[in-house]
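What follows is one structure encoded as structure tokens, with my remarks underneath.
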Amino acid sequence: MGNHLLAALTGEEMRRLRPHLEPVTLQRRATLHETGSRVLHGYFPTECVISMVHVAADGNSTEIGVIGNEGCTGASAVATGGGVPLRAVVRAPGAAFRVKVAALQAEFRRGGRFQRVLLRYMRAVIGQSAQIAACNRRHSVDQQLCRWLLSGLDRAADNQLAMTQEGIAAMLGVRREGVTEAASSLQKAGLIRYSRGRIAVLSRGRLEARACECYKLLRGETERLVRDVYSAKL
């Protein structure tokens, strides 16, 4: 499995970037960068999944973005040279390419396809964050949990996800009791099986039917992004 953003670059761009691509294996719960920090590396997932998390002044956190092999971390730092507004935490472990931000900035300043691909990706990230924020505000914990599980499943190697109920509650920005109740309801309905921090999705179709419309909107934007970055129009 590769990374869609890297695969969409021209041969010349890849020749320049290839010496800077460092294969790494990221572990679950590893923090890649903190809110407001100076970012030294961007990560291009090939197998792992990364959560982009907003951290409030009181320390409470909420996931407002998720990155799989369709994207990368540190895009805003590459484009602006500043810090990043969100914490990046590995949700699901796996392989990625690590690249120094300085090398990415040098390629970005050339104004070629890499610049256009990255700007298109940043537009998708803004839309994703807005949609997730609206979902967290408007929809039930049950619906949010379905959306969260499906977004992870889209980027997972199989039908299982590893996360405690406490961890899910932190990602959704809700009370753990609400997640426990929602997960129990999904398990009783035969949609998932939950045991010792591992969630197996038993019926994806029924889970999609139970989720709010936000999941389909988010999936549609990701699919459009992948189509666009491969398009000769970029």
Side-chain angles (χ1 to χ4, degrees), residues 1-5 7 24-30 32 43-53 62-73 88-97 124 128 131-132 135-136 139-174 176 178-227:
M1 184 185 297
N3 178 277
H4 289 294
L5 298 189
V24 294
T25 300
L26 302 179
Q27 303 302 315
R28 187 162 67 93
R29 292 196 292 268
L32 305 180
Y43 291 84
F44 292 77
T46 56
E47 296 175 349
C48 66
V49 180
I50 299 169
S51 291
M52 303 306 296
V53 180
T62 306
E63 180 188 79
I64 62 168
V66 58
I67 302 170
N69 73 333
E70 79 287 349
C72 67
T73 68
V89 181
V90 180
R91 184 206 280 195
F97 286 109
Q128 180 191 74
Q131 190 67 52
I132 292 176
C135 182
N136 291 344
H139 295 130
S140 68
V141 175
D142 186 295
Q143 291 173 311
Q144 291 179 53
L145 178 58
C146 291
R147 184 258 300 161
W148 189 89
L149 291 171
L150 288 164
S151 71
L153 203 63
D154 286 343
R155 298 165 172 87
D158 53 30
N159 70 332
Q160 294 196 34
L161 304 170
M163 181 68 77
T164 64
Q165 291 185 4
E166 184 176 3
I168 296 173
M171 290 293 100
L172 296 180
V174 300
R176 178 179 177 177
V179 172
T180 299
E181 183 178 345
S184 177
S185 176
L186 295 179
Q187 185 159 253
K188 288 178 181 177
L191 277 65
I192 66 171
R193 182 175 62 249
Y194 180 81
S195 178
R196 297 181 180 180
R198 296 199 67 84
I199 303 172
V201 175
L202 305 179
S203 176
R204 180 178 181 125
R206 291 172 61 202
L207 196 65
E208 288 188 18
R210 189 153 171 164
C212 56
E213 70 274 13
C214 296
Y215 168 66
K216 288 185 178 179
L217 292 171
L218 289 165
R219 185 178 65 182
E221 175 55 34
T222 299
E223 290 172 349
R224 282 191 296 275
L225 168 67
V226 172
R227 286 196 302 269

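Here, residue 1 is the first one in the sequence, and each next residue gets the next number.
- A donor-acceptor pair is defined here as one N or O able to donate and one able to accept, closer than 3.5 Å; no such pair exists between the side chain of Asn159 and the backbone of Leu153.
- In plain terms, the two heavy atoms of Gly71 and Pro45 that are nearest each other are O-CD, 3.4 Å.
- Between Thr222 and Asp154 there is no side-chain heavy-atom pair separated by less than 4.5 Å.
- Residues forming a salt bridge (charged side-chain N to carboxylate O under 4.0 Å, His left out) with Glu221 (at least two apart in sequence, or on another chain): Arg120, Arg224.
- Between Ile50 and Tyr43, the shortest heavy-atom contact is CD1-CB, 4.4 Å.
- For the side-chain contact (heavy atoms from CB on, under 4.5 Å) test, residues two or more places apart in sequence or in another chain that qualify with Ser140 are Asp142, Gln143.
- Contact annotation: the side chain of Cys146 approaches that of Leu186 to within less than 4.5 Å [non-hydrogen atoms, C-beta and beyond].
- The side chain to side chain donor-acceptor pair (under 3.5 Å) test applied to Arg198 returns Gln160, not counting sequence neighbours.
- Asn69 contributes no side-chain N or O that, together with a main-chain N or O of Glu47, makes up a donor-acceptor pair within less than 3.5 Å.
- For Arg206 (side chain) and Ala189 (main-chain N/O), a donor-acceptor pair under 3.5 Å exists by modelled atom type.
- For Gln144, the side chain to side chain donor-acceptor pair (under 3.5 Å) criterion is met by no residue, not counting sequence neighbours.
- For Gln165, the side-chain contact (heavy atoms from CB on, under 4.5 Å) partners are Arg176, Val179, Thr180, Ala183, Tyr194, not counting sequence neighbours.
- Two residues are said to be in side-chain contact when any heavy atoms from C-beta on lie closer than 4.5 Å; Arg91 and Val66 meet this criterion.
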### Task
Apply the test side-chain hydrogen bond (donor to acceptor under 3.5 Å, both in side chains) to residues Arg210 and Ser185: give CA-CA distance (whole Å), side-chain angles for both, the deciding distance (0.1 Å), then the verdict.
CA-CA 11 Å; Arg210 189 153 171 164; Ser185 176; 2.6 Å; yes
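- Here the side chains of Ile67 and Thr73 are in contact, with some heavy-atom distance below 4.5 Å.
- Annotation: side chain of Leu161 is in contact with side chain of Leu149 (closest heavy-atom distance under 4.5 Å).
- In this structure, the side chain of Thr46 engages the main chain of Ala95 through a donor-acceptor pair within 3.5 Å.
- Within the 4.5 Å cutoff, the side chain of Ser51 has no heavy atoms near those of the Arg29 side chain.
- In summary, of the residues considered (Ile168, Val141, Ile132), a side-chain contact (heavy atoms from CB on, under 4.5 Å) with Trp148 occurs for Ile168 alone.
- By the salt bridge (charged side-chain N to carboxylate O under 4.0 Å, His left out) test, Glu213 is found to be paired with Arg138, residues two or more places apart in sequence or in another chain being considered.
- Looking at residues two or more places apart in sequence or on another chain, you find a side-chain contact (heavy atoms from CB on, under 4.5 Å) between Ala92 and Val49.
- Shown here are the salt bridge (charged side-chain N to carboxylate O under 4.0 Å, His left out) partners of Arg147, two or more places apart in sequence or in another chain: there are none.
- A 4.5 Å side-chain heavy-atom check between Gln187 and Arg193 finds at least one atom pair inside the cut-off.
- In terms of modelled atom types and a separation under 3.5 Å, the side chain of Thr62 and the main chain of Met171 share no donor-acceptor contact.
- Every residue two or more places apart in sequence or in another chain was checked for a side chain to side chain donor-acceptor pair (under 3.5 Å) with Ser184, and none qualifies.
- In this structure, the side chain to side chain donor-acceptor pair (under 3.5 Å) partners of Glu70, at least two apart in sequence or on a different chain, are Arg155.
- Every residue two or more places apart in sequence or in another chain that forms a side-chain contact (heavy atoms from CB on, under 4.5 Å) with Glu208 is listed here: Leu150, Arg204, Tyr215, Arg219.
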